[in-house]
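What follows is a single structure, written as structure tokens, with notes after it.
Keep in mind the model is a prediction, meaning the values are calculated, not measured. Atoms within each ligand, like the ligands themselves, are counted from 1 in listed order.
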Amino acid sequence: MRRKLIAGNWKMNASLAANTALLAGIKAELSQQPACDVAVCVPAPYFAQCQTELAGSAMAWGGQDMSEHESGAYTGEVSAAMLLDFGCRYVIVGHSERRTYHAENDQLVARKALRALRSGLIPIVCVGETLNEREAGDTDKIVGQQIDTVLAAIDAADLADIVVAYEPVWAIGTGKTATPQMAQDVHAMLRRKLMKKNAVAASQVKILYGGSMKPDNAKELLSMADIDGGLIGGAALKAPDFLAIIRAA
Ligand code: PGA
């Protein structure tokens, strides 16, 4: 039985005051030993705040992106070592908003995942198809390519240290959710691909679902055999909603 992970993705929504209120609201209700792993992925300027306000809590924190490079002349970039300096455990790589607005391709996402692993961060590797791709019947092909590129870049021994997030692009922030069976079908395909890389580790890898996961649909999604948690955008910005999803896990 895989332990589930509920990870919030705040995207570009945060302020010192709003974060303090949100984190306090979650901490007040979250038991010291929740039944699942819990994390928030926050904008880089707030890593220090998370380190201060979440120290000793059951919640981990992480970034939403990082550089593929170790250090150097890369203006505006944030390195894995910088995330680690502030206690981050996770980093999202390859979110569809990075792929769409920052032209990140599968190769770059794979290099970032590899850099994260080598640095000791857990990459949450996002994959997912657009509506056009789904309607053309290309979901498995597109999502398969995305994960295969990452799997080709990493060592089999490192597979146990990644998290995968299936996020159908058409479900992100739209209120449209993949049905539990639609999501499960893609998760099962992803699991088969992981199995080919390292069968032992693949059975332990968490495959999260993301895309309009909310308190009212979380339980059904999270009950599917290969759905091991959620990457939560909008609903992670409201403590009661985030807590309800954690309870559903
Ligand atoms: P959403 O976002 O829950 O608001 O759809 C999920 C994500 O983009 O990670």
Side-chain angles (χ1 to χ4, degrees), residues 4-14 18-19 22 26 36-44 46 50 59-66 83 88-104 109 112-113 116 121-131 133-134 139 142-143 146-147 150 162-180 182-183 186-187 190 206-222 224 227-249:
K4 289 189 166 49
L5 166 64
I6 300 298
N9 172 13
W10 289 1
K11 310 193 179 189
M12 202 171 71
N13 301 292
N19 303 348
L22 177 56
I26 300 167
C36 63
D37 292 342
V38 180
V40 286
C41 294
V42 309
Y46 301 106
C50 286
M59 243 187 297
W61 57 97
Q64 300 173 2
D65 180 41
M66 54 166 257
L83 272 73
C88 290
R89 183 181 304 162
Y90 298 96
V91 62
I92 298 172
V93 298
H95 190 280
S96 64
E97 287 149 18
R98 301 293 312 173
R99 294 177 189 260
T100 303
Y101 305 132
H102 301 270
E104 294 198 6
V109 173
K112 288 186 176 192
L121 286 163
I122 299 173
I124 301 177
V125 178
C126 297
V127 295
E129 82 287 1
T130 63
L131 188 56
E133 289 161 348
R134 173 162 285 270
T139 299
I142 296 293
V143 175
Q146 291 171 338
I147 198 68
V150 172
I162 76 167
V163 170
V164 177
Y166 169 55
E167 298 208 310
V169 179
W170 48 271
I172 295 177
T174 58
K176 289 187 198 143
T177 326
T179 64
M182 273 159 89
V186 178
H187 283 229
L190 287 164
K206 296 186 210 311
I207 307 179
L208 314 183
Y209 171 79
S212 300
M213 192 186 273
K214 303 270 188 276
D216 62 359
N217 60 24
K219 193 146 200 96
E220 244 195 313
L221 285 159
L222 293 167
M224 302 307 284
I227 302 187
D228 309 312
L231 184 56
I232 319 295
L237 297 172
K238 292 183 203 133
D241 287 6
F242 194 55
L243 285 159
I245 295 172
I246 292 168
R247 280 192 290 270

| said: Could you check whether any side-chain heavy atom of Asn9 comes within less than 4.5 Å of a side-chain heavy atom of Ile124, counting everything from C-beta outward? | reply: no

Please round to the nearest 0.5 Å and tell me the distance separating atom [atom1] of [X] and atom [atom2] of [Y].
X      : Y      : atom1 : atom2 : value
Ile122 : Lys206 : CD1   : NZ    : 8.5 Å
Leu208 : Asp228 : CG    : CG    : 7.0 Å
Ile245 : Leu221 : CD1   : CG    : 9.5 Å

Suppose I only count heavy atoms of [X] and a 4.0 Å limit; which atoms of ligand 1 are within that range?
X      : answer
Gly211 : 5 (O)
His95  : 7 (C), 8 (O), 9 (O)
Gly234 : 1 (P), 3 (O), 4 (O)
Gly173 : 1 (P), 4 (O), 5 (O)

| Counting heavy atoms not belonging to Arg89, are there more than 12 under 6.0 Å from its CZ? |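 No, CZ of Arg89 has 12 or fewer neighbouring heavy atoms, counting only those of other groups under 6.0 Å.
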
| field | Whether over 12 other heavy atoms sit under 6.0 Å from Glu220 CD | value | no

| query | ligand 1 versus Asn9, non-hydrogen atoms closer than 4.0 Å: side chain, backbone, both, neither? | reply | side chain

| remark: Logged contact type for Ala171 with ligand 1, heavy-atom cut-off 4.0 Å, is backbone

Is there any N or O on [X] that sits under 3.5 Å from an N or O of ligand 1?
X      : value
Thr174 : no
Gly210 : no
Ser212 : yes
Gly233 : yes

| message | Less than 3.5 Å apart, any donor N or O on the side chain of His95 or Gln64 sitting next to an acceptor on the other? | response |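 There is no such pair (donor and acceptor under 3.5 Å, judged by atom type) between the side chains of His95 and Gln64.
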
| With Glu97, which of Ile172, Val169, Asp65 fulfils side-chain contact (heavy atoms from CB on, under 4.5 Å)? |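 Among Ile172, Val169, Asp65, the one that satisfies the side-chain contact (heavy atoms from CB on, under 4.5 Å) with Glu97 is Ile172.
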
| said: Could you identify the single nearest non-hydrogen protein atom to atom 9 (O) of ligand 1 and state the distance to 0.1 Å? | reply: Glu167 OE2, 2.7 Å

